[in-house]
A.B. asks: 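One structure, as structure tokens, below. Some questions next.
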Amino acid sequence: MSDTIKVMKTVFVILDGLGDRPIKEFKGKTPLEAAKKPSLNSLATKGITGMMYPLGVGINAASDTAQLTIFGYDIEKEYFGRGPIECLGINMELKENDICFRANLATIHDNKTILDRRAGRINSTKEFVEEFDGLEIDGAKFLVKPATGYRACIVLRGNGFCERVSSNDPKKDGQFALEIKPLDNSLDAKKTAAVLNKFIELTNQKLNQNKKNIELRKQNKPQANYFLLRGAGKNHSLPTFFEKFGLKAACIAGAGLYKGIGRTMGMKVIEVEGATGLADTNIKAKINACIQALKEFDFVFLHIKATDSFGEDGNYLKKKEFIEKFDKELAPLLKQEILIVVTGDHSTPCSLKTHSGDAVPFLMHANGIRTDNAKEFGEQACMHGGLGFFCGKDVMNIVTTTLGIQKKRGE
Ligand code: ZN
């Protein structure tokens with residue numbers, strides 16, 4: 001029996017929105033193909049590659065549903081909306097059945113027209129939302145916490161409330177704010193919609209009196225005087241990643257959503273100084289944190305966001321440069337005796353400036369695993385890779401089988 005494959009530790013890198021399409025200015029190469037990336041190419045050469053459809057063939061995936069699927073969760077049964085993930089992302093202490101929302105602070109005119117959905121992109125909502133944390137209305141307790149920039153997270157706690165309510169966000173400036181409506185005829189849904197509409201009305205009145213808003217009004221700047229709520233979801237605890245796979249797991253990410261995804265799976269979220277979730281993120285510090293985490297954890301999920309942001313901006317040059325920067329910082333990880341996986345959670349082609357259902361390049365390397373003919377990490381090379389085309393739900397099967405820890409099915 002070969003002893004080349006031991007139960008080794010795993011680093012699983014998601015470069016958000018990595019997949020792309022050919023760019024004319026790169027002579028038909030994608031940003032990943034055009035990038036100078038000796039580390040990734042060496043992993044592809046020594047390891048095995050393929051193409052992954054995160055949610056299924058051709059399906060256009062959001063980050064949260066895609067990542068949960070890749071890590072072995074069945075989103076039909078185990079996804080409860082974006083609200084709980086966002087709330088966990090900012091480390092709110094949630095209870096079972098809490099109704100969770102993500103929110104923006106917006107600027108609203110007295111006639112209820114939304115003038116700016118992001119309230120002039122204020123950097124923090126702290127001084128606006130603080131006074132509402134703990135507010136009680138008709139048996140509902142509201143927990144309200146600031147999140148990144150103009151965002152906040154809101155939890156509704158109490159008996160007889162549910163997540164089956166609409167959003168009040170018209171999704172476009174210049175439109176009237178919507179009324180929150182029950183999405184079915186249940187008493188719970190009606191009661192929830194009613195209390196949320198009261199919350200929005202009351203907080204709007206109070207925000208108009210907020211000191212900071214009075215100042216902004218004087219300066220003729222957009223006020224942060226209205227909550228737009230969306231992503232309603234009821235919090236339920238899920239089986240942890242450890243319970244599913246027996247692997248003690250950590251998550252290293254900059255942006256709140258991805259920390260929330262980690263916490264949803266019961267991973268330990270490791271805070272890294274300088275990890276911003278933006279293009280200026282400290283990749284070196286994140287890679288170092290990964291190496292440190294390997295001492296304590298079996299599985300480290302490393303999330304890098306900026307590839308997706310540049311895709312959404314259509315900035316193929318910056319996307320390519322960012323991949324090059326990541327590749328440089330990756331080098332110390334190559335010296336570890338680990339299983340390393342590098343992939344994306346979906347494609348974000350620069351030509352579309354949004355997510356697409358195109359398959360995502362996938363590479364995996366560990367000593368002793370099968371190899372293929374790929375000599376570089378890129379869309380075309382991975383299309384001919386040894387893992388072929390597969391789906392996100394297959395990923396943890398591939399990983400656990402490679403680690404040699406998957407239970408045999410049948411006799
Ligand atoms: Zn994503």
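Keep in mind that what you see is a predicted model, and the values were worked out from it rather than measured. Every number for a ligand or one of its atoms is a count from 1 in the order of the listing.
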A.B. asks: Which of the N/O/S atoms in Asp345 sits closest to the Zn ion (ligand 1)?
C.D. replies: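 For Asp345, the N, O or S atom at the smallest distance from the Zn ion (ligand 1) is OD2.
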A.B. asks: Do Leu403 and Thr10 have side-chain heavy atoms sitting under 4.5 Å apart?
C.D. replies: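 Answer yes - side chains close enough.
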A.B. asks: Is there a ring-ring contact (aromatic ring centres under 6.0 Å, His included) between Phe390 and Phe362? Walk through the geometry before answering.
C.D. replies: CA-CA 10 Å; Phe390 55 97; Phe362 185 99; 5.0 Å; yes
A.B. asks: The Zn ion (ligand 1) and His355: any N/O/S contact shorter than 2.8 Å?
C.D. replies: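 Of the N, O and S atoms in His355, none lies under 2.8 Å from the Zn ion (ligand 1), which means no.
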A.B. asks: Is the distance from the Zn ion (ligand 1) to some N, O or S atom of Asp16 under 2.8 Å?
C.D. replies: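 Coordinating: yes.
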A.B. asks: Backbone or side chain, does Ser63 get an N/O/S atom under 2.8 Å to the Zn ion (ligand 1)?
C.D. replies: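 Checking the Zn ion (ligand 1) against Ser63, an N, O or S atom does fall under 2.8 Å.
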A.B. asks: Taking Asn104 for its side chain and Ala106 for its backbone only, find out whether a donor-acceptor pair lies under 3.5 Å.
C.D. replies: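 No, Asn104 side chain to Ala106 backbone: no donor-acceptor pair under 3.5 Å.
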A.B. asks: Is there a donor-acceptor pair under 3.5 Å between the side chain of Asn213 and the backbone N or O of Leu207?
C.D. replies: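 Pair found, side chain donor or acceptor close to backbone of Leu207.
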